[in-house]
Amino acid sequence: MSVSVTIESIEKRFDAFAALRGVSLDIQPAELVALLGPSGSGKTTLLRLIAGLEQADQGRVLFGETDMRDLSLRDRRIGFVFQHYALFRTMTVGENVAFGLKSRPRGQRPDDAEIRKRVGDLLELVQLPGLDKRYPSQLSGGQRQRVALARALAIEPRVLLLDEPFGALDARVRKDLRAWLRDLHRRTGHTTVFVTHDQEEALELADRVAILNDGRIEQVGSADDVYDHPATPFVCEFLGEVNKLPVKVVGSQAFFGDRPVLGGLSQNQGGQAALYVRPQHLRIVDDLPLALPGVVEHLRRNGPLRRAEVAVQGLAKRLDVDLASQVAPAIGEHIRLRITHGSLFAAA
Ligand SMILES: Nc1ncnc2c1ncn2[C@@H]1O[C@H](COP(=O)(O)OP(=O)(O)OP(=O)(O)O)[C@@H](O)[C@H]1O
Ligand SMILES: [Mg+2]
């Protein structure tokens, strides 16, 4: 039922502007891949190319072994939920969901009773049973998105393409729909490409995340891969807050000034480098080796998170330290920080 999607060296220009610059990505059957990147990085363009709504200047897209261009629109069997989607406003929910089935040629069109049953089943699946007689204007935003998904699923797609389907919804509803989509995917197993610019959404939902920047994929990997082992400074910064320390690498150790701050490094590039450290990878410790002395200058709370801002001599910017369950220090207190994990990049 579901199919692999292979994206091979895609180049796409709009006049002189290169929107995609050599993008390759292998998507396994039934895999859920998130395309994550800032506005303008090429996410929608890539999704439209996979759907065949846009032609590549170079490269190709394969569904299984077949070049997508050799398949008729119908045989591609793509379910698409657009970024700025619109349900058909003059049609009821039921008519919207039935649309793809009703527009099939006569020989392949299920009969009316069958279509009614399928629509009922799909509305059940997206947890909107019994709403088939309503019009889109009589639904909440989250309900409309689920109808759009039901409409995309109705044609039994081989590939499901979702372009920021929850983009317009508030944070709470997004979270609910995220969990719901994950579950739906587990049950239906469609090969799915999901576009978002929300890091949390991508990391939580996807089997793998592809991070786009400026028309290129900077890294593809599981949430843990990309979060804990970012391939580039861009990926590291895009996925969450991070402190930066200029360091010198000697052997397997990084030094801040003449103080060793992180050992056991496998990247043996040596010389000047930038060490990127997430706030949760700084721990307040007693006087021990590999600790960085600093002074607490500010404490703040951001939702469930407690943070300390710590000034370190020789560093222009204060370090952000996640306190988690650590005992909060006092403002003005002298503390020592241990770096538990960091990513090294070439010095800027
Ligand atoms: N039809 C077009 N003509 C000219 N330029 C285009 C066209 N479509 C997209 N672009 C440009 O290509 C780049 C990538 O656009 P795209 O819509 O793929 O970005 P995106 O990553 O989806 O961004 P967003 O998160 O804002 O939706 C942008 O700079 C955009 O202006
Ligand atoms: Mg877009």
Side-chain angles (χ1 to χ4, degrees), residues 5-27 32-61 68-69 73 76 78-87 141-142 144-146 148-149 151-152 157 159-171 173-175 177-178 181 191-206 208-221 223 226-227 230-240:
V5 177
T6 308
I7 297 157
E8 283 183 0
S9 312
I10 293 278
E11 308 266 347
K12 177 65 185 174
R13 300 181 151 275
F14 294 108
D15 299 321
F17 178 77
L20 295 175
R21 305 189 286 166
V23 169
S24 296
L25 180 63
D26 289 328
I27 302 167
L32 198 170
V33 168
L35 299 179
L36 176 67
S39 185
S41 56
K43 305 180 297 292
T44 295
T45 304
L46 183 55
L47 209 65
R48 288 174 56 82
L49 269 153
I50 300 171
L53 298 169
E54 208 73 77
Q55 295 299 312
D57 300 318
Q58 298 273 334
R60 55 181 194 161
V61 176
M68 208 248 320
R69 284 169 299 197
L73 210 66
R76 290 176 195 167
I78 290 165
F80 204 125
V81 176
F82 292 91
Q83 182 169 12
H84 304 290
Y85 84 96
L87 293 172
R144 278 181 226 168
Q145 295 299 73
R146 283 182 278 157
L149 263 165
R151 187 174 63 179
V159 179
L160 188 59
L161 303 175
L162 310 174
D163 194 354
E164 307 219 25
F166 312 141
L169 305 172
D170 73 52
V173 178
R174 285 177 80 112
K175 273 212 160 143
L177 285 181
R178 203 191 284 172
L181 181 66
T191 308
T192 302
V193 186
F194 178 94
V195 166
T196 178
H197 59 247
D198 181 331
Q199 301 82 331
E200 226 184 275
E201 195 162 273
L203 294 175
E204 184 178 325
L205 254 176
R208 286 188 306 151
V209 180
I211 293 142
L212 266 91
N213 179 29
D214 222 359
R216 287 200 177 90
I217 292 182
E218 296 227 354
Q219 188 173 5
V220 186
V226 295
Y227 192 79
T232 65
F234 173 84
V235 170
C236 190
E237 290 186 70
F238 192 70
L239 290 180

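Atoms within each ligand, like the ligands themselves, are counted from 1 in listed order. Numbering of residues begins at 1 and proceeds along the displayed sequence.
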Trainee: Hey, what do you get for CG (L162) to CD (E164), rounding to the nearest 0.5 Å?
Mentor: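 It comes to 11.0 Å.
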Trainee: Among T192, T6, V220, T191, which residue satisfies the side-chain contact (heavy atoms from CB on, under 4.5 Å) criterion with I27?
Mentor: T191
Trainee: Among protein heavy atoms, which sits nearest to atom 25 (O) of ligand 1, and what does the distance come to when rounded to 0.1 Å?
Mentor: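 Answer for atom 25 (O) of ligand 1: K43 NZ, 2.8 Å.
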Trainee: Note the single closest protein heavy atom to atom 27 (O) of ligand 1, along with its residue, its atom name and the distance in Å.
Mentor: Q83 NE2, 2.9 Å
Trainee: I need the nearest protein heavy-atom contact for atom 13 (C) of ligand 1: residue, atom name and distance, please.
Mentor: F17 CE2, 3.5 Å
Trainee: Please say whether more than 12 non-hydrogen atoms of neighbouring residues, nucleotides or ligands are located less than 6.0 Å from CD in E237.
Mentor: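 Yes, enclosed.
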Trainee: With heavy-atom distances below 4.0 Å as the criterion, list the atoms of ligand 1 near T44.
Mentor: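 Checking each atom against T44, I get 17 (O), 18 (O), 20 (P), 22 (O), 27 (O).
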Trainee: What protein heavy atom lies closest to atom 26 (O) of ligand 1? Include the residue and the distance to one decimal.
Mentor: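 Sorting protein heavy atoms by distance from atom 26 (O) of ligand 1 puts S39 OG, 2.5 Å first.
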Trainee: Identify the closest protein heavy atom to atom 15 (O) of ligand 1: which residue and atom is it, and at what distance?
Mentor: T45 OG1, 3.6 Å
Trainee: Give the minimum heavy-atom separation between G59 and I10, together with the two atoms involved.
Mentor: C-CD1, 3.9 Å
Trainee: Check if R48 has a non-hydrogen atom at a distance under 4.0 Å from any atom of ligand 1.
Mentor: no
Trainee: Is atom CD of E200 surrounded by more than 12 heavy atoms (other residues, nucleotides or ligands) closer than 6.0 Å?
Mentor: no
Trainee: Less than 4.5 Å apart, any side-chain heavy atom of R178 and any of F194?
Mentor: no
Trainee: Near E164, which atoms of ligand 1 are under 4.0 Å from a heavy atom of that residue?
Mentor: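 Checking each atom against E164, I get 25 (O).
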Trainee: Do you know which two heavy atoms are closest between V23 and I7, and how far apart they sit?
Mentor: O-CG2, 3.5 Å
Trainee: Determine, stepwise, if the pair D214 / R21 fulfils salt bridge (charged side-chain N to carboxylate O under 4.0 Å, His left out).
Mentor: CA-CA 8 Å; D214 222 359; R21 305 189 286 166; 3.6 Å; yes
Trainee: Applying a strict 4.0 Å limit to heavy atoms, is P38 in contact with ligand 1?
Mentor: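 Yes, that is the case, since the closest heavy atom of the residue is under 4.0 Å from the ligand.
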Trainee: If I take atom CD from residue E218 and atom SG from residue C236, how far apart are they, to the nearest 0.5 angstrom?
Mentor: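 Interatomic distance, E218 CD to C236 SG, rounded to 0.5 Å: 11.5 Å.
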Trainee: Do me a favour and list the nearest non-hydrogen protein atom to atom 9 (C) of ligand 1 with residue, atom name and distance?
Mentor: F14 CE1, 3.4 Å
Trainee: So is there a nitrogen or oxygen of A19 less than 3.5 Å from a nitrogen or oxygen in ligand 1?
Mentor: no
Trainee: Taking all non-hydrogen atoms of both residues into account, name the closest pair between Q55 and K12 and its distance.
Mentor: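 So the two residues come closest at O-NZ, 2.8 Å.
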Trainee: What atoms of ligand 1 come within less than 4.0 Å of a heavy atom belonging to G42?
Mentor: 14 (C), 18 (O), 19 (O), 20 (P), 21 (O)
Trainee: Please report which non-hydrogen protein atom sits nearest to atom 14 (C) of ligand 1, along with the residue it belongs to and the distance in Å to one decimal place.
Mentor: G40 O, 3.4 Å
Trainee: Is G37 in polar range of ligand 1, meaning some N or O pair under 3.5 Å apart?
Mentor: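 In fact, backbone or side chain, G37 has no N or O that close.
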Trainee: Within the stated cut-off of 2.8 Å, is an N/O/S atom of T44 closer than that to the Mg ion (ligand 2)?
Mentor: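 So T44 does bind the Mg ion (ligand 2) by this criterion.
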